[in-house]
**Student:** 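The structure follows.
Protein chains get the first letters and strands the later ones, always in sequence-line order, with residue 1 at the start of each.
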2 protein chains.
Amino acid sequence: MVTLAKVAEAAGVGESTVSRVLRNHGSFSRKTKDRVMEAVERLGYVPNRIAGTLASAGSRLVAMVIPSLTNIVFADVLRGASGILEENQHQAVFSVTEYEPEKEEALVAAMLAWRPTAVMLAGFEHSNGTVKMLRASGCRVVELLDLDGAAQDLAVGFSNRAAGSVAADFLLKRGYRKIGYVGHDLDRDTRAAKRFAGFRETLGAAGFPLVDSEIHAGASSVEGGRLALERLLTRMPGLDAVYFSNDDMALGGYFHCLARGIQVPERLALFGHNGLDIGRVTPQPLSTIRTPRVATGRVAAELVVTDAPSQVVDLGFELIEGATA
Amino acid sequence: MVTLAKVAEAAGVGESTVSRVLRNHGSFSRKTKDRVMEAVERLGYVPNRIAGTLASAGSRLVAMVIPSLTNIVFADVLRGASGILEENQHQAVFSVTEYEPEKEEALVAAMLAWRPTAVMLAGFEHSNGTVKMLRASGCRVVELLDLDGAAQDLAVGFSNRAAGSVAADFLLKRGYRKIGYVGHDLDRDTRAAKRFAGFRETLGAAGFPLVDSEIHAGASSVEGGRLALERLLTRMPGLDAVYFSNDDMALGGYFHCLARGIQVPERLALFGHNGLDIGRVTPQPLSTIRTPRVATGRVAAELVVTDAPSQVVDLGFELIEGATA
DNA sequence: TTGAAAGCGCTAACAC
DNA sequence: GTGTTAGCGCTTTCAA
């Protein structure tokens, strides 16, 4: 294995000189630089960041602890973040919690062992152990995709409660009155639960309380949405609109309607959440709310690499009228 | 910052004893263990893996250099791999190449600086620089989702050429004769190019050469599939079947047919690739080939953690008849 | 502009 | 069963 010492020897200079040249920091002559770079090339030297990190300060590692990779939402956040991180010589390290707080705690502990510059997490709901460790570690903490709660340090996202409320307003304004909900495992996905709470509250306040709801046991999926809508309609055929916990679920509902010849939105209106691209090109574009997923990752990464002061960044969201409601 | 030395002092034992207890390696008395663990708890000590890695051998870091996160395929591979890696106390580190070989080379260099146990890459096509670095690094290399080419060390996946050929056979057996192709940027996605090659060859050999093809400029997407199929049909309205570069594209094509009232499969048959879940719950299930994405990640991770000898693992694929062809 | 040397926090021999 | 010590490969003073 080629080390910095070997490069120094090959170039006939001291180790610290090689280090300075490689990091382009401190002073060295043009001639020295050429000699060093030539040796680096010739030996195929790759700096060892493990050693570098230990010797200096920051690891330039950013830990991303996300609930799921199946859900495109988090893949989008990762994508946004990793782009910015790479541009700034940082490295993303990630792990997946499957929406389990205990697993999150274990994973945060494992990540902290790498002394990351920052840890990014989904939302504000974490175990006491997780919060304690994070605080003790002294590294930056970024909580993503939620604004309804108290941030530990940095937070980037939008209000899920508000999104649910806006969805309700929209359906009401369109004249729908007998409104149902199709969701997935809310104990785990607390952000979906917050949307549902905002939705329900707004409906109630308008005097048209939620008629019925059906929860798909397990993670959100297109199939889950299709099956759950079918069950809901069997029980409550008179509904005129359904709000889904997200676009995956809504798409499943839409497929169910297409398959059964249920006229959308005349017989039944459908409303999703997230504004996924696929919802733009279905025969009828999905009525939904576009969330700033990639931007959330990007902004979070920017805050981290610039070492910004603690703050909460509201990226908002955007109603997409679509044609299904 | 709490270090192992401080824990040792607090527990009134030597550093190596703490290290032994924490790694549960070597011998120590029950009493000592309790004293150490108590101190660890009390001080909230989190081991520093940076230092640990430098002092010992392996980093237990696995670098995953993937083309895209938008494409669910790679998210699935990541998911499969990260599960196994976590179970075995390894950490996944990833970066995204956007299908650009130069970017891949830069990212591999960056990853190598972390002295990973293994580097996982998509497919066999890499720049000379990438191959050279990888070879020089001495770490394990796993090439994923491709079998049509020469492996550097480990390879896990299936034959894309064979998948294309099987798709062609299926369409021919169903009696389709005027067959077209809708794909995306083939220069970059070499695996899609291999499928297309296998498809085309098999059609030609059967005496029914490909009638026409339409390439969507850019990455694969549902929208791309929809637009490209529209263009293809405008130019060549007599086609009776279309093979798509993957399910995303095929789904777009299916949506186009639904929107235009084109009878599927009577007027036009559609065939995809990947066997995504969403294709199982569309009004008509998509005819496609299911690929072992999660399994690919899982097997790759297992080979790495067990330090298996160089080998090529063919996980195969499975034809799904569906109802669109 | 450059080199020598002291760590960074841990692991692994080796001695006791 | 336990402590001492010499590194791992860098970065960073501090002199020269």
Side-chain angles (χ1 to χ4, degrees), chain A residues 1-37 39-40 43-61 89 110 112-117 136-139, chain B residues 1-37 39-40 43-61 89 110 112-117 136-139:
Chain A
M1 199 77 277
V2 186
T3 64
L4 184 141
K6 291 197 186 129
V7 173
E9 194 189 334
V13 300
E15 294 186 31
S16 49
T17 301
V18 177
S19 176
R20 277 184 225 112
V21 170
L22 255 25
R23 285 172 307 124
N24 195 28
H25 180 278
S27 56
F28 43 82
S29 70
R30 178 65 216 226
K31 252 181 67 182
T32 313
K33 177 181 173 179
D34 291 343
R35 292 237 304 272
V36 169
M37 293 316 276
V40 165
L43 301 179
Y45 172 65
V46 178
N48 184 334
R49 284 194 64 76
I50 301 270
T53 300
L54 184 60
S56 67
S59 65
R60 287 173 168 268
L61 234 32
Q89 292 77 246
L112 252 20
W114 289 101
R115 298 297 186 268
T117 302
S137 75
C139 75
Chain B
M1 199 79 274
V2 186
T3 64
L4 183 141
K6 289 195 186 130
V7 174
E9 194 188 333
V13 300
E15 293 186 31
S16 51
T17 302
V18 177
S19 176
R20 277 183 222 112
V21 170
L22 256 26
R23 284 173 305 127
N24 194 28
H25 179 277
S27 55
F28 43 81
S29 71
R30 178 65 217 222
K31 255 182 61 182
T32 313
K33 178 182 174 177
D34 292 342
R35 291 237 305 273
V36 169
M37 294 315 277
V40 165
L43 301 180
Y45 171 65
V46 177
N48 184 333
R49 284 194 64 75
I50 301 271
T53 299
L54 184 59
S56 66
S59 66
R60 289 175 167 269
L61 235 30
Q89 292 76 247
L112 253 19
W114 289 101
R115 298 297 185 265
T117 301
S137 76
C139 74

**Student:** Would you kindly compare Phe28(B) and Val18(A) by the position of their nearest DNA chain D nucleotide and give the one closer to the 5′ end?
**Tutor:**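 Per heavy-atom nearest nucleotide, the more 5' residue is Phe28(B).
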**Student:** Search all heavy atoms of Val21(A) against all heavy atoms of Val36(A) and return the closest pair with its distance.
**Tutor:** CG1-CG1, 3.9 Å
**Student:** Could you pull out all donor-acceptor pairs under 3.5 Å where a side-chain atom in residues 1-9 of chain A meets a protein atom, sequence neighbours excluded?
**Tutor:**
unit_1: Thr3(A); atom_1: OG1; unit_2: Ala5(A); atom_2: N; d: 3.4
unit_1: Thr3(A); atom_1: OG1; unit_2: Lys6(A); atom_2: N; d: 3.4
unit_1: Lys6(A); atom_1: NZ; unit_2: Met1(A); atom_2: O; d: 2.7

**Student:** Which atoms form the tightest heavy-atom contact between Arg115(A) and Asn48(B), and what is the distance?
**Tutor:**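 Looking at all heavy atoms of both residues, the shortest contact is NH2-CB, 3.6 Å.
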**Student:** Let me confirm one number: the NZ-CG distance from Lys33(A) to Leu22(A), rounded to the nearest 0.5 Å.
**Tutor:** 10.5 Å
**Student:** What's Ser27(B) touching, base or sugar-phosphate or nothing? Going by heavy atoms closer than 4.0 Å.
**Tutor:** base
**Student:** Any base atoms under 4.0 Å from Thr32(A), or only sugar-phosphate, or nothing? Heavy atoms, all strands.
**Tutor:** sugar-phosphate
**Student:** Ignoring hydrogens, what is the shortest heavy-atom contact between Ala11(A) and Ala39(A)? Give both atom names and the distance.
**Tutor:**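 That closest heavy-atom pairing would be CB-CB, 4.0 Å.
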**Student:** At what angle, to 10 degrees, do the two end axes of the helix from dT1(C)-dA16(D) to dC16(C)-dG1(D) meet, given five pairs define each axis?
**Tutor:** 30°
**Student:** Base, sugar-phosphate, or nothing: which does Ser16(B) touch, judged by heavy atoms less than 4.0 Å apart?
**Tutor:** base
**Student:** Does Val18(A) reach the side chain of Glu15(A), with side-chain heavy atoms less than 4.5 Å apart?
**Tutor:** no
**Student:** Let me spell it out: for each of Lys33(B) and Ala55(B), pick the nucleotide of DNA chain D with the closest heavy atom. Which residue's pick is nearer the 5' end?
**Tutor:**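 Upstream on the strand: Lys33(B).
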**Student:** Nearest nucleotide by nearest heavy atom, which residue falls closer to the 5' end of DNA chain C, Arg20(B) or Asn48(B)?
**Tutor:**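 That would be Asn48(B).
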**Student:** Of all residues at least two apart in sequence or in a different chain, which pass the side-chain hydrogen bond (donor to acceptor under 3.5 Å, both in side chains) check with Ser56(B)?
**Tutor:**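 If we apply the side-chain hydrogen bond (donor to acceptor under 3.5 Å, both in side chains) test to Ser56(B), skipping adjacent residues, there are no hits.
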**Student:** Identify, residue by residue, the members of residues 3-14 of chain A with a heavy atom below 4.0 Å from DNA chain D, and return them in order of residue number, or none.
**Tutor:** Thr3(A), Leu4(A)
**Student:** When rounded to the nearest 0.5 angstrom, what is the spacing between CZ in Phe28(A) and OG in Ser19(A)?
**Tutor:**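 Here the interatomic distance stands at 10.5 Å.
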**Student:** If only atom types and distance count, is the side chain of Thr53(B) paired as donor or acceptor with the main-chain N or O of Arg49(B) below 3.5 Å?
**Tutor:** yes
**Student:** Between Leu61(A) and Trp114(B), does a side-chain contact (heavy atoms from CB on, under 4.5 Å) hold up when you go through it step by step?
**Tutor:** CA-CA 10 Å; Leu61(A) 234 32; Trp114(B) 289 101; 3.5 Å; yes
**Student:** Can you tell me how far OG of Ser29(A) sits from CZ of Arg35(A), rounded to the nearest 0.5 angstrom?
**Tutor:**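 Answer rounded to 0.5 Å: 8.0 Å.
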**Student:** Quick check for you: name the first and last nucleotides of DNA chain D, 5' to 3', having an atom under 4.0 Å from a heavy atom of chain B.
**Tutor:**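 The protein-touched segment is dG1(D) to dG9(D).
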**Student:** Does Asp34(B) form a side-chain contact (heavy atoms from CB on, under 4.5 Å) with Lys31(B)? I'd like the steps, not just the answer.
**Tutor:** CA-CA 5 Å; Asp34(B) 292 342; Lys31(B) 255 182 61 182; 5.6 Å; no
**Student:** Give the first and the last nucleotide of DNA chain C, reading 5' to 3', that has any atom under 4.0 Å from a heavy atom of chain A.
**Tutor:** dT1(C) to dG9(C)
**Student:** Using 0.5 Å steps for rounding, measure from the OG atom of Ser59(A) to the CD1 atom of Ile50(A).
**Tutor:**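 Between atom OG of Ser59(A) and atom CD1 of Ile50(A) there are 10.0 Å.
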